[in-house]
Amino acid sequence: MRYGYFDEANKEYVIDRPDTPAPWANYLGSPEYGAIISNNAGGYSFVKSGANGRILRYIFNSFDQPGRYIYLRDNDSKDYWSASWQPVGKDLDSYKSECHHGTGYTYMNAEYAGIKSSVLYYVPLDKTHEVWKLKVTNDSDKPRNLSVFGYCEFTNDNNYEQDQVNLQYTLFITRTYFMGNRIKQVINENVNKGAAINGSVAFTRFFGLAGAEVASYAGDKEAFLGRYHGYGNPVGVENGDCGNCLNYNGNACGALETKITLAPGESKELAFVLGMKNDAETEAVMNSYADVHAQSEAELAELKEYWHGKLNHFQVKTPSESFNAMINTWNAYQCFMTFIWSRAASFSYCGLRNGYGYRDTVQDIQGVIHLAPEMALDKIRFMLSAQVDNGGGLPLVKFDHNAGHEDTPDDESYVRATGHPAYRADDALWLFPTVYKYIAESGNTDFIDEVILFANGGEGTVYEHLKRAIDFSMNHLGNNRMPAGLHADWNDCLRLGKQGESTFVAMQLYYAMSVLRIFAEQKNDTEYIAYLDKIQKELGDIIQTKCWEDDRYIRGYKEDGMIIGSKHDPEANMWLNPQSWAVISGLATKDQAEKALESVHRELNTPYGVRLMAPSYVDHAFEGALMLLFNPSTKENGGIFSQPQGWIILAESLMGHGNRAFEYFTESSPASMNDKAEIRKLEPYCHGQFTESSDSPFEGRAHVHWLTGTASTVMVGCVEGILGMRPDFDGLRIAPSVPSDWKEFEINKDFRGKKLHIVVKNPNGAESGYKSLVVNGKEMSDNYIAASELADINEIILTM
Ligand code: GLC
């Protein structure tokens, strides 16, 4: 079933059937003032922290309620509805609606009873308040008397959990005021006047109306909704009067009514504005909407210009519409959202994790490098400064990270503060692909020599940081002299024991050595090159003798020597990541790579993507296989984990298997489930953390929307893999691996300040390989363009 479509020209996803199988969400603003909104206006807002700065309430594990509700009422017929289909939920035969999710804004058009409405939700660029701009039009042939109500449900405490559970306290610290054009809510008001208790601070929030007069108001949730009423039928709306009741204790809200009369064809615009600000700041914000129309148009244009400007750095035109929609807009936008928001706020994440996961964040960066290398650079610096001087990464980097002064997993205080008991084997190894990709994209080779602090004191160049990351692994070797398992590797659920060993991490280390060798060559560090060559050869030999088994790599060794992922095991005998990484790391021979990838296809592939491993653990798990806790075919227990889809796409592409790479892209791509959205349930425009696989009665159902490392891995799999954009320090290699029926496609890419228009011709239906590469009329000797060949604007033709 289809609920919407991609509008590529406007970079929007348009939902034309509002009864979607899950809340289909969008992000507004930034973590400074962040908002998440569903296609039915459900969602919450926060200032700085999803968990500790929550200003709009949202009930997790429920339907997507409450939300940013606008009600419309016909004061003659007394019938009422909402500007989003829910919460009133009129019959869809008589109520028409469209929700447009765009880049940093969402708008919803509705038509009911001869009235058209369009509500635009957004947070202006770099601002810390939100706007719900409404346009109402009388589309009937008689004059209409209407009321418009805006409703927001404030939390009673900035901490979302206190707000939900500590009612003997939080119900008694809040009160509201009516201030003419707005409701003001104050929390712990006396703290402003008297002594601060336990360091508490008073908070002031507002919900205002611009462009119209307030006819009635409510600051008390129960008074507005009414006992035994709900969001779908607030008594204030039913009565056509909010009742002018303010809260003193109990639950606060902001509810404002305005009355409007519209002649046939006439329209009116107004805006509800919301935020957490003191009176003077609030006045200033409200005053800036004196001309609602002009101000909101300007702010919307600014948002579009900002986001489209970023996305336009890389645009493709291929024969696959859904590939284009993902790469040009939605996967790219999701990369920015994961990059900016980390795992801070969604309908699955409440914001409780007070920091950046090391591996997650270093990987998230990869997704935006081709679009915004300067943003990537800032975050890379930050993550390097969260590397401990022993070379390991801090498993969790606090949002208020103070480089040079942090405790480490060796300190009890760090463990207590973060809940992370130990180093993880893989964290710092993610730096290698990320730093390499950044330098290759930007050409900023000087970065290697930039000096950056270590988390716990001391400093070193980027080159030194990377050397220490290698040292960290080399100083923590397991029984077979591969990197020790420590707390876990990429797979949070795989506890091999401190001395256990993960094939995946060993391959990451092998890859890291290849990357660092390039840096060492750049620096003419011959002694180090000799060292790297020696340890890499040793490591490679160990992996090949200890981890290769006929047609696959095993997953690793437990501390006690037990093999995980042997083909002879009754369960979990085939694992995805060691196969894809055998190729990505450059370790596997061609023959091994072909065999391993074939085994993946044979044993792990499903219509919805590739399983993380199979069969799921049920009866034969070892202690330490935490995934056993999940139902079979779910998450790490044999589910289709989404993040590794990007790696298998990349691996197949690197082998030149364009058809296979695209097959995996298609199976796991949200967009290709657009017409089967009732099966996938999650938004067809964003990746989720995983999809249930064959053991589940709900095979194909996806979960945990938006904030997932999948955004970046699939982006890299597509851009570097399928489209073959493979920059290195000196230029750009173009090596597409595409479906053989792509006869021609185009890429517009910005590269080091230059414009590249690349046309790839594939007259003979190849999957990979090239015949010729012509740059501005000049034929290159292979498929590589030295940066020095590039003019400001370049016409490039690659013939496959
Ligand atoms: C989640 C975690 C990530 C981990 C993955 C696999 O996505 O955020 O750190 O690598 O699960 O376990």
Side-chain angles (χ1 to χ4, degrees), residues 50 334-335 337-339 341-346 348-367 383 386 392-397 418-431 433-434 485-496 502-505 507-508 555-556 564-565 572 575-578 580-581 609-613 616-617 621 624-630 633-648 668 682 686-693 702-714 716:
Q334 189 179 0
C335 283
M337 294 304 109
T338 54
F339 176 88
W341 294 69
S342 186
R343 306 296 175 266
S346 70
S348 316
Y349 289 106
C350 65
L352 212 51
R353 181 163 88 171
N354 190 23
Y356 297 99
Y358 202 91
R359 80 160 76 90
D360 290 6
T361 303
V362 176
Q363 292 175 79
D364 290 343
I365 295 170
Q366 291 181 24
M383 293 312 290
L394 290 176
L396 189 86
V397 187
T418 64
H420 283 271
Y423 288 102
R424 301 183 300 194
D426 63 320
D427 276 332
L429 293 176
W430 292 106
L431 290 167
T434 303
L486 308 182
H487 189 61
D489 75 352
W490 170 87
N491 190 323
D492 284 332
C493 297
L494 196 63
R495 302 289 158 85
L496 299 168
S502 141
T503 313
F504 185 1
V505 179
M507 289 167 172
Q508 284 186 279
R555 188 61 175 82
I564 305 303
W575 291 71
L576 172 58
N577 290 336
S580 52
W581 271 83
V610 186
R611 299 176 69 181
L612 187 60
M613 54 83 149
S616 307
Y617 279 125
L626 304 190
M627 59 286 272
L628 179 71
L629 301 173
F630 296 121
S633 281
T634 302
K635 290 190 56 129
E636 285 94 337
N637 196 14
I640 301 160
F641 219 86
S642 310
Q643 204 188 344
Q645 309 302 310
W647 298 325
I648 193 70
S668 60
L682 231 57
C686 82
H687 289 280
Q689 188 199 58
F690 76 99
T691 301
E692 292 172 60
S693 70
H703 298 271
V704 193
H705 66 170
W706 278 101
L707 303 181
T708 157
T710 314
S712 71
T713 59
V714 173
V716 170

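When a ligand or atom number is given, it counts from 1 through the structure's own listing order.
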Review point. In order of chain and number, which residues sit within 4.0 Å of ligand 1 by heavy atom?
Key: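 The answer is Arg359, Asp360, Trp490, Asn491, Asp492, Glu636, Phe641, Gln689, counting any residue whose heavy atom sits under 4.0 Å from ligand 1.
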Point to revise | Pair Thr434, Gln366: side-chain N/O donor-acceptor within cut-off below 3.5 Å | key: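 Yes, Gln366 and Thr434 have a side-chain donor paired with an acceptor closer than 3.5 Å.
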**Study point:** Glu692 side chain to His703 side chain, donor-acceptor N/O pair below 3.5 angstrom
**Key:**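 There is such a pair between these side chains.
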Point to revise | From His687, Gln689, Gln363, residue fulfilling side chain to side chain donor-acceptor pair (under 3.5 Å) relative to Gln643 | key: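 The residue from His687, Gln689, Gln363 that satisfies side chain to side chain donor-acceptor pair (under 3.5 Å) with Gln643 turns out to be Gln363.
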Point to revise | Ile564 and Leu496, any side-chain heavy atoms less than 4.5 Å apart | key: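 In short, these two side chains touch, coming nearer than 4.5 Å.
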Review point. Mind checking what makes ring pair (Phe, Tyr, Trp, His ring centres under 6.0 Å) contact with Phe641, not counting sequence neighbours?
Key: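 Ring pair (Phe, Tyr, Trp, His ring centres under 6.0 Å) list for Phe641, sorted by chain: Trp490.
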Review point. Stepwise, does the salt bridge (Lys or Arg N to Asp or Glu O under 4.0 Å) test hold for Asp492 with Arg359?
Key: CA-CA 11 Å; Asp492 284 332; Arg359 80 160 76 90; 3.0 Å; yes
